[in-house]
Amino acid sequence: MLADFDQWVKLALADQPFPREAALQILADPTLDLLRLTAAAGEVRITYFGRQVMLHRINDIQNGLCPEDCGYCAQSKISAAPIKKYPLKSDADILQEAHAAKAKGAYRYCMVSSGRGPSLERTQQLAQIIRRIKTEVGIQTCLSAGLVTKEQAEILQAAGLDRLNHNLNTSASHTDKIVTTHTFQDRLDTLKAARSAGLDLCSGMIAGMGESDQDILEVAYQLREYQVPSIPINFLIPIPGNPIYDCDQLSPQRCLRILCLFRFVNPRAEIRIGGGREGHLRGLQAWALYPANSLFVEGYLATRGHDVDQVVQLIKDAGFEIAGDHSLSTDLTSAQQFQLDDNPNILNPQTTIA
Ligand code: SF4
């Protein structure tokens, strides 16, 4: 089938449902011209978001000690990955890190707490921290804390939380190969609870966990059905000690195709390049700014990533801009540029948002 890029762009600009055969073609057609595909996805992205790139900074406010068995996660009870485990950080630490994220130009401060979901008492504690961040720091906030009920979502919303993250991670049919301690439906229920409490939704996937093309399509269309405005696409990096370890199915071109697919199926969404950007997209990171309009700086949960200066330089070199803060310094000295290759992130374990 010949790709009709003009028609794909037209559908996306009208926010019309994207045909499944075309979505599958994006992932599976070896003859598809990737330069034209990226340009078409870029036309949609630029129409909706201009050339702006949103920077997100994750703070892992509680790490490890999780009773769930997500096979990709170093914080799970079944992972043997050697990570640093700690309970909820102090309010002062979380606030100070929020100030630092804002100072470094982060558009949004994403707090991630390990665990199946917070108790009511823990929800109140998180709400108190969020209230202080909103009044004392003044930055967009996102929380990822596992499964939440409507009552808990309402408490968080009342405290000023802007957005709740809960990733679908993979399709309904592939979920039981990834985790057995909760279901795909549990994840959907959390999204419904957050939405009915008036929170913005953030939900995405992890590619590279043995899923099929159809599984990826299922996630993309499910997120469209829920009209999720923020979609992080994580690319699994194998973590020694985790049960899900083999991600040979990913290549830079495959990652680019996945990002383009999500742009066409969810044209108005903030498509974020999540964990694994540096190691999996490699030389195509700048290309990925055409389908995607958002990314993480300074690493993920259990992994290091490129620091903010490197990311800002990448964005600037590709002719894009940082959303929200134009005062950021974007010029690396030549000495700094020579250090770019020293980042060992690919050797570090990576986890994604719970
Ligand atoms: S992804 Fe979240 S729920 Fe699953 S094991 Fe990791 S911290 Fe626990």
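When reading the values below, keep in mind they use all heavy atoms of this one structure, side chains included, and skip hydrogens, waters and symmetry mates. First listed ligand is number 1; within each ligand, the first listed atom is number 1. Remember, predicted model here, so these are calculated numbers, not experimental data.
Between Gly146 and ligand 1 there is no heavy-atom distance shorter than 4.0 Å.
Not counting sequence neighbours, the partners of Asp15 by the salt bridge (Lys or Arg N to Asp or Glu O under 4.0 Å) test are Arg224, Arg268.
For atom 6 (Fe) of ligand 1, the choice among Gly115, Ser144, Cys73 with the nearest heavy atom turns out to be Cys73. Residue Cys66 holds the heavy atom nearest to atom 8 (Fe) of ligand 1 of all those in Gly117, Gly64, Cys66.
For ligand 1 and Tyr72, the ligand atoms under 4.0 Å from any heavy atom of the residue are 1 (S). Near Ser114, meaning under 4.0 Å from one of its heavy atoms, ligand 1 places the atoms 7 (S).
For Ser76, heavy-atom contacts with ligand 1 shorter than 4.0 Å involve the backbone as well as the side chain.
Side chain to side chain, Asp309 and Gln313 fail the donor-acceptor criterion of an N or O pair below 3.5 Å. Side chain to side chain, Asn234 and Tyr72 fail the donor-acceptor criterion of an N or O pair below 3.5 Å. Side-chain contact, His280 with Gln285: no donor N or O sits under 3.5 Å from an acceptor N or O.
In this structure, the ring of Phe320 has its center no less than 6.0 angstrom from the ring center of Phe49.
Taking the centre and axis of the six-membered ring of Tyr221, the NZ or CZ atom of Arg20 falls inside the cone set by 45° and 6.0 Å.
Among the backbone and side-chain atoms of Cys70, no N/O/S atom is found under 2.8 Å from atom 8 (Fe) of ligand 1.
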